[in-house]
Number of protein chains: 2
Amino acid sequence: MVDVETARGLRKTLHDRGMRMTPQRQLVLDAVRSLEHATPEQICQRVQETAPTVNITTIYRTLDLLDRLGLVRHTHLGHGAPSYSVEDHRHVHLVCHVCGSIQEIPCELLDPLVGTLRERDGFELDASHLALSGTCRDCLKQEQEIE
Amino acid sequence: MVDVETARGLRKTLHDRGMRMTPQRQLVLDAVRSLEHATPEQICQRVQETAPTVNITTIYRTLDLLDRLGLVRHTHLGHGAPSYSVEDHRHVHLVCHVCGSIQEIPCELLDPLVGTLRERDGFELDASHLALSGTCRDCLKQEQEIE
DNA sequence: ATACATGCAAATGCTTTGCTGGGCT
DNA sequence: AGCCCAGCAAAGCATTTGCATGTAT
């Protein structure tokens with residue numbers, strides 16, 4: 001599934017900065033789009049289904065590039081590798097630091113905070129792939145039982 | 001600087017779970033307390049000033065333990081190693097995903113969100129060591145200049 | 001005696017770097 | 001020509017695991 005709009009946008013953005021659109025970059029972006037929350041490793045596998053010779057180094061370099069351009073975002077959910085998604089897949093994760101469980105909530109809940117930070121600090125919070133750490137309902141219950 | 005209160009509390013908590021209080025654990029907790037935002041590596045160095053034979057493996061295992069007990073928290077600021085602090089050192093980080101810069105803001109700004117999540121999801125958000133990702137003022141300006 | 005803790009070395013996982021050659025502009 | 005880009009191999013850093021030893025209950 002190739003998103004023509006994004007592809008054009010990317011091509012232009014790259015060109016404006018003296019960079020080039022390449023098949024590899026297209027494939028990485030497509031992979032991130034279709035996978036949602038994929039690690040670099042998983043993205044590499046997907047890309048290699050189409051172009052088996054693409055190296056994981058290229059995946060890393062491209063993800064880094066796309067991230068800086070704002071086309072994809074990465075989030076550190078649990079411990080291991082970060083998780084990449086396209087910018088318009090919007091939601092917030094609640095990560096429990098006790099059991100590691102993850103639940104998603106709508107990112108509209110952060111709208112007030114986004115406004116506050118924009119005014120206060122000139123900081124444009126990216127609420128689309130946030131990982132919020134805390135204690136989930138179940139672990140809270142367990143803690144109380146031990147006390 | 002040994003915090004006697006925390007030390008006693010830790011001893012009891014550990015004992016309740018069939019674990020033991022050891023010099024190593026005490027030293028790690030003290031190091032995290034005094035350093036604020038230290039990587040496991042830095043914590044290890046501090047601990048080794050007192051007890052040179054303590055292995056970094058023990059640092060990792062102890063940090064993991066203290067984290068699960070809620071006595072310390074770790075945050076993934078930029079890319080590298082996570083940063084550990086004691087639970088009561090409260091503030092929120094704004095991490096710019098473009099340039100990597102980090103600024104701190106008071107965590108009271110998150111109080112409304114904490115309340116929302118508590119009611120909505122039974123999730124106890126730990127606002128004390130949050131890393132919020134977005135674009136900082138300077139990088140926003142640069143983006144606009146390119147367009 | 002048993003279960004928990006630590007040290008050490010090796011393994012693992014994830015990511016970056018240096019270098020080379022190929023392709024655009 | 002000069003710059004951008006991808007592939008490959010190697011290095012790098014952070015963290016985990018296995019195992020033997022030590023220590024408290």
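All values below come from the heavy atoms of this structure, side chains included, with hydrogens, waters and symmetry mates left out. Naming convention: chains lettered A, B, ... in sequence-line order (proteins, then strands); numbering from 1 in each chain.
A/D121 and B/R137 are not joined by a salt bridge, as no carboxylate oxygen comes within less than 4.0 angstrom of a charged side-chain nitrogen.
Rounded to whole Å, atom C1' of C/dG13 lies 9 Å from atom CD of A/E41. Atom CE of A/M21 and atom C1' of C/dT25 are 18 Å apart (whole Å). With rounding to whole Å, A/I43 atom CD1 is found 14 Å from C/dC14 atom C1'. A straight line from NE2 of A/H15 to P of D/dC5 spans 11 Å, rounded to a whole angstrom. The interatomic distance linking A/Q24 (CD) with C/dG22 (C1') rounds to 12 Å, in whole Å. As a whole-Å value, the separation of B/R17 CZ from C/dA3 C1' is 18 Å.
Checking D/dA6, C/dA5, C/dT15 against every side-chain atom of B/R20, the shortest atom distance belongs to C/dA5. Among the nucleotides D/dT15, D/dG7, C/dG7, the one closest to any side-chain atom of B/V54 is C/dG7.
A heavy atom closer than 4.0 Å to some atom of DNA chain D occurs in B/T57, B/Y60, B/R61, these being the qualifying members of residues 55-64 of chain B.
Classified by interplanar angle (parallel below 30°, tilted 30° to 60°, perpendicular above 60°), the ring pair A/Y84/A/H74 is tilted.
Note on A/P82: only backbone sugar-phosphate atoms sit closer than 4.0 angstrom, heavy atoms only; bases stay farther off. Backbone-only engagement by B/T53 is indicated by non-hydrogen atom pairs under 4.0 Å involving sugar-phosphate atoms exclusively.
Donor-acceptor pairing under 3.5 Å is lacking for the side chains of A/Q24 and A/T58.
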